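Heads up: the structure comes next, in structure tokens.
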Amino acid sequence: MYGLVNRAIQQMVASHHGEDVWQRIKARADLQDLDFFSTYQAYPDDVTHRLVAAATQELGLSGDQIMQAFGEYWITYTASEGYEQLLESTGETLPEFLDQLDNLHARAAIAFPELQPPSFRCQHSADASMQLEYRSKRRGLAPMVTGLLHGLGKRFQTPLEVDQIASRDQGDATDLFHVRLSPASDPEASQPDPGVRHE
Ligand code: HEM
């Protein structure tokens, strides 16, 4: 994956646990000779997997916990690394934003030409819940999606609950997430029913 991802892992670990812990994780991942990750260089996915595996050992957390925390962190990290405008123009509300995720990555691919982006499809229900389907050529990143959704909930100040209801790792055909917005945060809920006339 692009260096942007590995740099984000580095910054998340170093800011929460300190530079020494990051150096130990890097060494455990057999990357001690690497001075830095270059944002726009594509690294083998194995580099990212090794960093996550090393972090589980150093921090005593599960891979799922780390990937979830990383997903949440990714939203503020990309915003702070020059992609705030891309995030801003992707949607004004969380449901709108989730409909445009593929478009977001298509636009990101201008800066990252070798991008192998995930793909998402969002189905909206009348009860302010959504089903988000996640597709990727990679395996094992579904917990990151749960974290991403929580990070987006914070960004849009939209309290939400996320349940993964199908998992490729468990043998299902696809990774599917049920996203429930709390009623207070549903923009439609505060609108008058369009079928009712207010004279
Ligand atoms: C402006 C913000 C964003 C930028 C610049 C960006 C860019 C990237 C980049 C460079 C990668 C690495 C993929 C590769 O190197 O082939 C990636 C992966 C990924 N992105 Fe984004 N992204 C952004 C926002 C988001 C958001 C909001 C989501 C929310 C769902 C998301 C979901 C993912 C996932 C799940 C992956 C892992 C790759 C995979 O599933 O195969 N990204 N993105």
Side-chain angles (χ1 to χ4, degrees), residues 1-12 37-52 55 63-124 130-158 160-169 172-181:
M1 284 202 261
Y2 269 101
L4 183 71
V5 173
N6 301 322
R7 285 175 75 96
I9 294 175
Q10 172 174 358
Q11 185 159 319
M12 180 179 78
F37 292 108
S38 191
T39 300
Y40 296 106
Q41 182 179 332
Y43 294 83
D45 284 1
D46 180 52
V47 169
T48 308
H49 290 141
R50 271 157 43 207
L51 283 175
V52 173
D64 284 9
Q65 284 173 316
I66 288 175
M67 288 314 292
Q68 202 165 319
F70 177 65
E72 192 164 336
Y73 189 75
W74 185 244
I75 302 300
T76 49
Y77 182 79
T78 49
S80 71
E81 287 298 299
Y83 296 99
E84 170 60 34
Q85 226 181 338
L86 179 53
L87 289 166
E88 237 170 67
S89 61
T90 296
E92 284 181 10
T93 63
L94 180 69
E96 198 179 303
F97 190 97
L98 294 181
D99 278 334
Q100 294 298 325
L101 282 172
D102 287 6
N103 189 23
L104 177 154
H105 282 104
R107 289 162 70 203
I110 296 167
F112 302 94
E114 291 170 57
L115 190 73
Q116 296 187 298
S119 179
F120 294 91
R121 204 170 46 182
C122 192
Q123 285 188 319
H124 303 260
M130 289 163 281
Q131 279 202 5
L132 187 71
E133 186 185 351
Y134 160 59
R135 290 180 182 275
S136 168
K137 76 163 200 77
R138 305 178 172 95
R139 303 297 299 236
L141 297 180
M144 177 182 169
V145 175
T146 298
L148 283 159
L149 288 165
H150 284 296
L152 288 170
K154 287 192 176 151
R155 180 179 166 87
F156 285 100
Q157 298 176 321
T158 301
L160 49 78
E161 287 168 28
V162 181
D163 287 307
Q164 186 167 1
I165 53 177
S167 162
R168 273 203 302 160
D169 287 345
D172 296 318
T174 184
D175 285 307
L176 207 56
F177 299 83
H178 188 241
V179 183
R180 198 146 24 103
L181 310 188

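This structure is a prediction, so every number in the text was calculated from the model and none was measured. Values reported hereafter were calculated over all heavy atoms of this structure, with side chains retained and with hydrogens, waters and symmetry mates removed. Both ligands and their constituent atoms are indexed starting at 1 by order of listing.
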Which pairs, with at least one residue in residues 138-158 and sequence neighbours excluded, count as a salt bridge (Lys or Arg N to Asp or Glu O under 4.0 Å)?
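Non-adjacent pairs meeting salt bridge (Lys or Arg N to Asp or Glu O under 4.0 Å): Asp45-Arg138, Glu72-Lys154, Glu84-Arg155, Arg139-Asp169.
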Counting only nitrogen or oxygen atoms and a 3.5 angstrom limit, does [X] reach ligand 1?
X      : value
Tyr83  : no
Tyr134 : yes
Lys137 : no

What atoms of ligand 1 come within less than 4.0 Å of a heavy atom belonging to [X]?
X      : value
Ser136 : 39 (C), 40 (O), 41 (O)
Leu86  : 1 (C)
Phe97  : 27 (C)
Gln116 : 14 (C), 16 (O)

May I ask you to identify, for Thr90, whether its side chain, its backbone, both or neither come under 4.0 Å of ligand 1 on a heavy-atom basis?
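For Thr90, no heavy atom sits under 4.0 Å from ligand 1.
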Check Leu149 against ligand 1 and report side chain, backbone, both or neither, counting heavy atoms closer than 4.0 Å.
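Leu149 to ligand 1: no contact under 4.0 Å from either part.
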For atom 21 (Fe) of ligand 1, state how many protein N, O or S atoms fall inside a distance shorter than 2.8 Å.
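Count of protein N, O, S atoms less than 2.8 Å from atom 21 (Fe) of ligand 1: 1.
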Evaluate Cys122 against Phe120 for side chain to side chain contact (heavy atoms under 4.5 Å, CB included), listing each step before the verdict.
CA-CA 7 Å; Cys122 192; Phe120 294 91; over 6 Å; no
Report the relative orientation of the aromatic rings in Tyr77 and Trp74; use parallel for angles under 30°, tilted for 30 to 60°, perpendicular for over 60°.
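Taking Trp74 first and then Tyr77, their aromatic rings lie parallel (interplane angle under 30°).
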Tell me, yes or no, whether the heavy-atom count around Arg168 atom CZ, taken from other residues, nucleotides or ligands under 6.0 Å, exceeds 12.
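Yes, enclosed.
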So Leu98 and His124, do their side chains get closer than 4.5 Å, heavy atoms only?
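Counting from C-beta outward, His124 and Leu98 never come under 4.5 Å.
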Side chains of Asn6 and Thr48: any donor to acceptor distance under 3.5 Å?
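Per modelled atom types, Thr48 and Asn6 side chains form a pair under 3.5 Å.
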